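Values reported hereafter were calculated over all heavy atoms of this structure, with side chains retained and with hydrogens, waters and symmetry mates removed. Bear in mind that the values here come from a model prediction, so they are computed numbers and not experimental data.
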Amino acid sequence: MVNRRLLGLGVCVGAMVLSAWGCGGSDGPTTPIDDTDNVDPRPGVDAGTGGDTDAGTDAGTDIDAGTDAGTDAGTDAGTDAGTDAGTDGGTDAGTVDPWPADPVTNYSDRYGIGRVKSVSVDLGKNIWVLDGDRIGVVRADTQKLVWVGGPVGQAAEGQPSSVICGGEAGRAYVGYYADDLGVDPEWPDIHTNFIVTAKPCEIPVNETTCFPFSPRRLQFYKQGDVDAVKLDASGQVVLEGHINQSRRANKDANGNPFIQTGPTVVDGVSLGIRNSNDHHFDEDRAMYSCTSVLRGPNKGDVFFGSNHGVTRIRGLTYNAHRHPVWFDARGSQYAGYTYGLGISPDGDVLIANEWNFGIVTPDTKLENWDDTTTAGINQQKVKSSYLPEVNSQETFDSWRGFQQTTDKKYYLGSKDLGLWEMTILSATNPFQKGTRVGADVPALGGINALASTNDGSLFIGTNTGGLYRLTPSKTVEKVADVRGNKVLQLVYDGSGTSGMLLVLTSEGLTVLRGH
């Protein structure tokens with residue numbers, strides 16, 4: 001029996017912003033195929049124009065294709081990508097900090113960054129910026145801003161970018177948008193995310209119809225997903241590659257462990273990020289958030305939150321996916337777009353979507369990320385929960401940030417419903433306890449980002465009131481000297497001797513030190 005990894009079976013519900021855990025694919029292995037100027041807000045940040053809007057209506061049901069689908073062992077795709085440095089430029093974290101030690105510095109003015117849509121930092125202390133189809137980096141060694149020579153990767157194909165996250169020294173990952181797949185008028189009965197890759201046809205799991213190969217549907221794989229870029233030996237930003245190599249731990253029909261990789265290219269089309277348990281299902285298409293691991297045993301890893309779940313990337317290899325879910329009375333599974341991602345002081349991955357949230361202690365092996373059943377792997381401190389003090393389970397909570405402060409307290413920030421402290425009742429409880437924080441501060445009613453810092457503070461990025469701080473003594477104060485009332489993103493690097501908080505607003509990038 002092939003090792004199972006799905007949370008559960010049943011009917012899955014799909015809509016514009018609804019997805020379901022395991023609503024496509026199987027846990028059976030797949031056989032590898034040889035590889036032959038204007039600033040847009042980050043997704044989910046209201047800005048009047050641009051960006052995606054939340055929906056939440058039921059758009060029908062799909063049958064979960066989650067039964068075992070074959071026992072082909074496949075082959076290991078070489079060494080673990082986590083050991084591949086593959087980059088130049090910058091130095092590993094822990095070296096001399098090259099950046100200003102001043103408590104507050106306007107980086108947009110000082111380094112000529114201007115207004116951008118997303119920022120991040122890699123292990124070499126290089127600061128990466130994203131502005132539409134332009135990717136730039138303020139190099140740690142020269143402290144000079146370098147822009148890519150022109151649109152590369154998905155941007156060159158016209159795909160709209162969303163977020164950027166730094167990885168190993170000199171490397172960053174760029175996420176892109178793609179629409180959810182809907183009912184295909186040519187084959188209305190096919191699972192919306194199922195892509196036929198073999199000629200002449202294939203039969204999806206749990207179905208009997210043989211769907212013919214479609215070059216048209218194969219093109220869907222080109223949309224969205226993630227590119228890797230790097231600083232080359234000359235100090236320029238270049239495309240490193242499109243992320244398309246999956247890695248997953250599995251067992252064959254005889255119970256023998258192997259690494260399931262699956263194809264990367266079919267008929268000349270890069271499959272990009274698709275389900276690690278079955279490459280036919282293209283569910284993780286639009287990247288809405290990302291977070292970099294800058295310290296601890298998994299440093300260099302990056303987690304992307306998508307329209308369907310959370311994908312983990314190490315080097316040029318990924319594992320997709322996992323996410324919190326909830327079930328309605330019919331047994332349908334729901335998961336919202338993942339806007340809220342965080343890394344706790346101890347390295348836990350904090351996941352928050354439109355309805356639910358979860359906390360996972362990630363295994364150090366990339367290939368185990370989607371394992372939800374094996375004891376001792378990926379402990380779920382919170383499996384899938386909501387806060388009844390905020391809303392019913394069926395109603396959007398619109399979580400945009402999820403952080404844990406150094407005193408072990410958890411905080412969730414909502415786009416519409418404010419800041420909440422979350423207390424865990426039990427790991428498997430469908431709901432946890434919520435307590436409103438800062439209800440007397442009107443600006444905290446709309447939150448776009450959260451960041452926890454080494455000194456015990458929680459920084460709160462609001463949609464209209466600028467930056468606030470929940471101090472270690474739990475008082476709320478406004479942070480002065482940060483230009484811009486709309487905070488788009490908060491990125492914290494606490495790996496050095498003096499913490500570095502990147503505050504991206506509609507007016508540019510400011511960096512705070514010493515927290």
Side-chain angles (χ1 to χ4, degrees), residues 1-16 18-33 58-74 178-221 223 246 248 250-253 260 262-263 266-267 269 271-285 307-309 320-323 325 327-328 330-335 370 372-373:
M1 192 69 173
V2 177
N3 187 35
R4 295 206 52 77
R5 291 289 172 78
L6 298 182
L7 179 66
L9 300 179
V11 176
C12 299
V13 175
M16 289 181 64
L18 315 185
S19 305
W21 183 301
C23 290
S26 72
D27 291 327
T30 53
T31 304
I33 296 175
D58 189 332
T61 58
D62 296 318
I63 300 300
D64 191 320
T67 58
D68 300 329
T71 57
D72 293 333
D179 292 334
D180 285 354
L181 296 178
V183 175
D184 192 316
E186 187 175 356
W187 296 303
D189 297 328
I190 199 171
H191 187 290
T192 56
N193 297 104
F194 188 87
I195 312 296
V196 181
T197 59
K199 300 180 179 69
C201 62
E202 290 180 316
I203 301 174
V205 177
N206 279 349
E207 299 186 20
T208 58
T209 302
C210 185
F211 292 96
F213 175 75
S214 170
R216 174 183 59 82
R217 283 187 63 83
L218 190 64
Q219 302 307 307
F220 291 151
Y221 277 125
Q223 302 169 352
S246 175
R248 180 176 188 263
N250 207 343
K251 293 181 180 179
D252 63 21
Q260 174 184 337
V266 170
D267 266 25
V269 174
L271 302 191
I273 291 175
R274 71 283 178 192
N275 292 22
S276 288
N277 64 4
D278 189 334
H279 73 269
H280 296 88
F281 290 88
D282 185 20
E283 293 180 309
D284 304 89
R285 294 173 50 79
N307 61 301
H308 196 84
H321 55 254
R322 63 184 304 134
H323 51 61
V325 299
F327 297 82
D328 67 13
R330 300 175 300 167
S332 299
Q333 305 172 3
Y334 295 79
D370 67 336
T372 63
T373 60

In terms of heavy-atom contacts, L181 and D282 come closest through CD1-O, 4.2 Å
Rounding to 0.5 Å, atoms CD1 (I203) and OG1 (T209) come to a distance of 8.0 Å
Interatomic distance, CG@N307 vs CG@D180, rounded to 0.5 Å, equals 4.5 Å
When every non-hydrogen atom of P188 is compared with those of P185, the smallest separation belongs to CD-O, 3.7 Å
Side chain to side chain contact (heavy atoms under 4.5 Å, CB included) with Q260: of D278, D252, N250, only one passes, and it is N250
Q) Can N206 and H191 be said to form a side-chain contact (heavy atoms from CB on, under 4.5 Å), step by step? A) CA-CA 11 Å; N206 279 349; H191 187 290; over 6 Å; no
Looking only at heavy atoms, the pair that brings V325 and A335 closest together is CG1-CB, 4.2 Å
Could you check, using the six-membered ring where one of them is a Trp, whether F281 and F194 have ring centers closer than 6.0 angstrom? yes
Check: Does a salt bridge link E186 with R217, judged by any charged N lying under 4.0 Å from a carboxylate O?
Finding: no
Between the CG atom in L271 and the OG1 atom in T197, the distance rounded to the nearest 0.5 Å is 7.5 Å
Q. Do you see a donor-acceptor pair shorter than 3.5 Å between the side chains of H279 and S246?
A. no
Residues 190-203 vs salt bridge (Lys or Arg N to Asp or Glu O under 4.0 Å), sequence neighbours excluded, gives K199-D267
Looking only at heavy atoms, the pair that brings S276 and D370 closest together is CB-OD2, 4.4 Å
Residue set satisfying side chain to side chain contact (heavy atoms under 4.5 Å, CB included) with D179, at least two apart, ordered chain then number -> none
*asked:* With a 3.5 Å distance limit and no angle check, can you tell me whether Q223 reaches the backbone of Q219 through a side-chain donor-acceptor pair?
replied: no
Looking only at heavy atoms, the pair that brings F211 and C201 closest together is O-CB, 3.0 Å
With sequence neighbours left out, the residues meeting side-chain hydrogen bond (donor to acceptor under 3.5 Å, both in side chains) with D189 are none
Applying ring-ring contact (aromatic ring centres under 6.0 Å, His included) to Y221 and not counting sequence neighbours gives none
### Message
side-chain contact (heavy atoms from CB on, under 4.5 Å) for F220 and N193? Distances and angles first, verdict last.
### Response
CA-CA 9 Å; F220 291 151; N193 297 104; over 6 Å; no
Nearest heavy-atom contact between A320 and I273 is CB-CG2, 4.2 Å
Only one of H280, R248, E283 passes side chain to side chain donor-acceptor pair (under 3.5 Å) with N275, and that residue is E283
